[in-house]
Amino acid sequence: MPELPEVETVRRALDQALTGHKITKVDVRAKGLRKPFPKNLKSSLSGRKIVKCTRRAKYALVEFDDENILVIHLGMSGRIMLHDKCLSYKPEKHDHLVLTFNNGLRMALNDARRFGMVFMVARDQMVNHDAFRELGPEPLERRFTGAVLARALAGRRSAIKAALLDQRIVAGLGNIYVSEALFGAGISPLREAGSLSSAEAALLCRSIKKVLKKAVAAGGSSLKDYKRPDGELGYFQHNFAVYGREGQACPGCDCNAGRTGGIKRIVQGGRSTFFCPQKQG
DNA sequence: CTCCTGTCCTGCCGGC
DNA sequence: TGCCGGCAGGACAGGA
């Protein structure tokens with residue numbers, strides 16, 4: 001679910017609300033999500049102070065005043081809600097982990113489908129951890145360039161859509177933003193990944209950065225059960241050019257009146273892809 | 001290696 | 001109104 005812009009929105013909210021504050025209570029309300037929670041989760045969190053909240057790919061990282069980092073992946077349906085001290089808090093259905101802080105805030109990790117992940121990692125072990133070792137570049141960093149992308153795609157026979165979902169190529173894109181980025185670059189999702197020219201890779205790289213930046217600025221997208229931690233809705237979903245818009249015209253276009261019948265939905269690797277055959281021939 | 005499929009789990013929506 | 005099948009933003013294992 002949550003892709004880079006949504007996780008980044010969560011990260012910012014956590015960083016703002018929780019940095020400098022200490023965990024006074026740890027309520028572990030489930031055995032785990034996708035995997036069991038670490039056995040020492042409660043003891044390693046209790047009494048710890050948050051130093052900062054960061055992000056790598058779709059992982060939110062809560063960094064503490066010891067050597068440990070709490071790693072949270074929201075999976076498909078995960079969300080984090082911050083509950084103000086002024087309001088009485090009753091655990092909601094699927095609140096699996098609830099942290100209380102010395103400023104009165106509560107942080108609840110809620111995940112209906114339990115596809116999410118929670119684990120602890122020592123700061124100096126992070127790069128060696130299975131979850132991070134093979135991750136590709138951060139798309140919003142300067143070192144992610146058209147040339148870097150072209151190199152990662154070289155020789156790949158799979159569709160560019162599938163390649164962009166592969167976190168080893170570039171980290172943080174998911175099903176929604178891949179469709180959006182390909183549309184922005186005017187590249188068909190069906191193209192063989194390794195067949196992109198260097199000019200096309202450069203175009204795609206720029207498009208990825210552009211759509212992610214705009215989505216972050218909008219507070220991410222709210223679809224189904226994803227909400228920002230403050231309970232406000234991200235509103236980037238209103239800016240989707242193609243995602244979920246089958247049969248409609250793509251932006252500034254009358255393609256739904258023409259031969260191609262507007263935005264198409266196809267299934268690649270069991271997942272929906274949306275694109276405009278006219279602009280992404 | 002790379003690619004492809006199936007699986008984990010619950011909720012919701014549309015169709016009948 | 002009620003039931004049921006299909007679908008959902010991700011990651012990973014296992015087999016070809």
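The basis for the numbers below is simple: all heavy atoms, side chains too, and nothing from hydrogens, waters or symmetry mates. Residue numbers start from 1 in every chain, and the chains themselves are labelled A, B, ... in the order their sequence lines are given, proteins ahead of strands.
Under the Watson-Crick or G-U wobble criterion, with both distances below 3.5 Å, C:dG9 is left unpaired in every strand shown. Pair check for B:dC9 finds none; no Watson-Crick or G-U wobble contact set falls under 3.5 Å. Nucleotide C:dT1 has no partner under the Watson-Crick or G-U criteria, as no pair reaches both atom distances under 3.5 Å.
Between A:Gln167 and C:dA11, a side-chain N or O to OP1/OP2 separation shorter than 4.0 Å is present. In this model, the phosphate group of C:dG10 is not approached by any side-chain N or O of A:His73 to a distance below 4.0 Å at OP1 or OP2. For A:Ser77, no side-chain nitrogen or oxygen approaches OP1 or OP2 of B:dT10 to under 4.0 Å. The shortest distance between the side-chain N/O atoms of A:His94 and the OP1/OP2 oxygens of B:dG11 is below 4.0 Å. Side-chain nitrogen and oxygen atoms of A:Ser272 include at least one within less than 4.0 Å of the OP1 or OP2 phosphate oxygen of C:dA8. Between B:dT10 and A:Arg114, a contact under 4.0 Å exists linking OP1 or OP2 to a side-chain N or O. Look at A:Tyr243 and you'll find a side-chain N or O under 4.0 angstrom from OP1 or OP2 of C:dG9.
The pair A:Asp95-A:Arg29 fails the salt-bridge criterion, with no side-chain N (NZ, NE, NH1 or NH2) lying under 4.0 Å from an Asp/Glu carboxylate O. The existence of a salt bridge linking A:Lys52 and A:Asp15 is excluded, since no basic side-chain nitrogen approaches an acidic carboxylate oxygen closer than 4.0 Å. Here A:Asp166 pairs with A:Arg156 in a salt bridge; the nearest charged N to carboxylate O distance falls below 4.0 Å.
The residue A:Lys93 sits close only to the backbone: its heavy atoms come under 4.0 Å of sugar-phosphate atoms, none of a base. Within the 4.0 angstrom heavy-atom criterion, base atoms lie near A:Arg271. Looking at heavy-atom distances under 4.0 Å, A:Arg34 makes contact with a base.
We find that CZ of A:Phe240 is positioned 13 Å from C1' of C:dA8, with the value rounded to whole Å. If you measure from atom CG of A:Asp111 to atom P of B:dG11, you get 11 Å, rounded to the nearest angstrom. Distance CD (A:Gln268) to C1' (B:dC4): 13 Å, rounded to an integer number of Å. Rounded to whole angstrom, the span from the CE atom of A:Met117 across to the P atom of B:dT7 amounts to 20 Å. The CZ-C1' distance, from A:Arg156 to B:dC4, rounds to 13 Å in whole Å. Going from atom CD1 of A:Ile176 over to atom C1' of C:dC7 covers 14 Å, rounded to whole Å. Straight-line distance from the CG atom of A:Leu109 to the P atom of B:dC9: 17 Å, rounded to whole Å. What separates CZ of A:Arg113 from P of C:dG6 is a distance of 16 Å, to the nearest Å.
A centroid separation of less than 6.0 Å is found between the aromatic rings of A:His129 and A:Phe119. In summary, the aromatic rings of A:Phe274 and A:Phe240 are positioned with their centroids too far apart to meet the 6.0 Å limit. Centroid-to-centroid, the aromatic rings of A:Tyr89 and A:His83 come within less than 6.0 Å.
Here the nucleotide nearest the side chain of A:Ser158, chosen from C:dG9, B:dC3, C:dC7, is B:dC3.
With P as the reference atom, B:dC9 and C:dC3 are 24 Å apart, rounded to whole Å. On the C1' atoms, C:dG9 is 23 Å away from B:dC3, given to the nearest whole Å.
For A:Arg168 and A:Gly269, each mapped to the nucleotide of DNA chain B holding its nearest heavy atom, the one lying further toward the 5' end belongs to A:Arg168.
Where stacking is scored as ring centres under 5.5 Å apart with planes under 30°, A:Phe115 registers as stacked on the base of C:dG10.
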